[in-house]
Amino acid sequence: MTITVKFFASLREEVGMADLHIDGECAETVAEVWQTATDRAMPANTLMAVNQEYVDAGHPVRDGDEVAFFPPVTGG
Amino acid sequence: MTITVKFFASLREEVGMADLHIDGECAETVAEVWQTATDRAMPANTLMAVNQEYVDAGHPVRDGDEVAFFPPVTGG
Amino acid sequence: MIVRLLAEPFDPWQTVQAHQREHLAPGSYGATALFVGTMRDFNQGDTVRGMTLEHYPGMTERYLEDISRQAAARWDILDSLICHRVGPLRPDDPIVLVAVWSAHRAAAFDASRWLMEELKSRAPFWKKEVTAAGERWVENT
Amino acid sequence: MIVRLLAEPFDPWQTVQAHQREHLAPGSYGATALFVGTMRDFNQGDTVRGMTLEHYPGMTERYLEDISRQAAARWDILDSLICHRVGPLRPDDPIVLVAVWSAHRAAAFDASRWLMEELKSRAPFWKKEVTAAGERWVENT
C-alpha cells in the first residue's frame, strides 16, 4: 500500500510535481508526508487535506490515504 | 390656497376618504391637519409625510402642502 | 441607478440581464448581489389567493431613489436597480427585485441588504391579501 | 441542494430560472438571495486578459456539498444552488453563482452570504491570471 500525495496551484509549480506515491511506512503524519515527498521546507501558509478533508500538519496518515498540499484558495 | 390631505391603505378605509382639501388657515402642524380632516383619534402607529417626505406630528404645514397619513408599510 | 414601479408581472432574471447589458461595462464588475421577493400562497396560517399592492404615487419613487442615492454614497458600488410591483398580484408573482453591482463582493452584499431593509421598513407600499375568509391588510412584522 | 462545477461558460440568470422551475414549488418561497461573481478585466492595477481556474477534483465537490448541508441545517431555507466555473475564463465570464431560496428574507440573505464567505476562504479553487507581463497566481486577499 502507498500514500498518494497531491500538490496544487503555485505549490504544484514550486515542488515541480502534481502527484506522486510514497511508501506508507515512510510517514506517520501529514508533516512527515511533506518531508518525504519534497526536498524543501513547507511554506507557512500551506493548507493540507487528508482524504479531501482539511487537517493540520500533525494529523496521522495511513496506508491508502490521499494527502494534499495547496496554497490559500482564491475561488469565487 | 389649501392643504391637500391623503390617506392610504387601512387608514384610508378607516377614515373613509382617499384625499381631501382643507383650508390652509385651519392647521399649523401635521397633527392639526389630522384633527381638522377627521373626526377620530390618530392611531398610535400612523406614519406622516409632508410633500412626500417623512415628518413627525409636530411638523409645521403651509398653504399648498401635501400631507399624507398611512399605516406601517408592508412592501417588498 | 434605476428605480421602476411595474403595474404588470415581470421576470426578474430577464430584467437583471437586460439592465446589466445596457448599463454595466463588461469586465468592470466582479460582484452582483440580488434579492427577489416573491408572492407566497401561504401567510400567517392561511392560504392566500391573491394580493393587491397599494402605494403612494410620487412618494414611492422619491423614497426609492433617495435610498438608491444613499447606498451609492455609502458603499463603493457601480450601479443599483430596484423594481417593485404595484396593483394586483397572484401567488408566485415576483414582488420586488433589488440588484447591486460592485467591483468586490462586500459592497454588493451590504448595499443590497440595506436597500431591502430600508424598502421593507419605510417605502410606502401596502399589501392587501385575499384569503378564503376575505380580504385583509398585511400587518408589518 | 445542488452543487455544480462547470467547464464551460454559463448564464447565471438562465441557470437560476431553470433551477427554480425544476426544484421549487410555485408559491412556496418568498425570498431568493443571489450572488454572482464575474471575472473583471482589471486586478491589482493591471489589465487582465484571461484566467485559468484550477481546483481539486473531488474535494471541491465534497466541500461545496458540505457547506450547502451546513447552511440548510443552520438556516430555515428551502433550497440552495452553487455553480462554479473551472478551466479557462475570459473577462466578463461568470465565475460563481450562489442562490438561496427561503420563505422569509433574513434566512436567504444570511445563508447566501455565509456560503460565499466559506467558499472564498476554504473551497479549493485557485486563480491564475494572464496579464501583459505574463501569468500570475492570484493572492488571497
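Not measured: the values here are computed from a predicted model. Chain letters run A, B, ... following the sequence lines, proteins first, then strands; residues in each count from 1.
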Heavy-atom contact with chain B under 4.5 Å, split by part of R85(C): neither
Rounding to 0.5 Å, atoms OG1 (T74(B)) and NZ (K120(C)) come to a distance of 8.0 Å
If the contact rule is any heavy atom under 4.5 Å from chain C, which residues of residues 56-73 of chain B qualify, in numerical order? E66(B), A68(B), F70(B), P71(B), P72(B), V73(B)
Does atom CZ of R90(C) have more than 12 heavy-atom neighbours, drawn from other residues, nucleotides or ligands, at distances under 6.0 Å? no
Identify which part of F35(C) has an atom lying under 4.5 Å from any heavy atom of chain B, answering side chain, backbone, both or neither. neither
What distance separates L11(B) CG from W126(C) CH2, expressed to the nearest 0.5 Å? 9.5 Å
Does the plane of the ring in Y63(C) sit parallel, tilted or perpendicular to the ring in Y54(B)? Use 30° and 60° as the thresholds. perpendicular
Part of P94(C) within contact of chain B (heavy atom distance under 4.5 Å): neither
According to ring-ring contact (aromatic ring centres under 6.0 Å, His included), who are the partners of H55(C), at least two apart in sequence or on a separate chain? none
I want to check something: taking the side chain as every heavy atom from C-beta on, are K128(C) and E13(B) in contact at a cut-off of under 4.5 Å? yes
Applying a strict 4.5 Å limit to non-hydrogen atoms, the region of S121(C) in contact with chain B is backbone
Please output the residues of residues 15-43 of chain B in contact with chain C, using a heavy-atom cutoff of under 4.5 Å, in numerical order. none
Checking D11(C) now: which residues fulfil side-chain contact (heavy atoms from CB on, under 4.5 Å) with it, not counting sequence neighbours? W13(C), Q14(C), Q17(D)
Within a radius of less than 6.0 Å around CZ of R62(C), do more than 12 heavy atoms belonging to other residues, nucleotides or ligands occur? yes
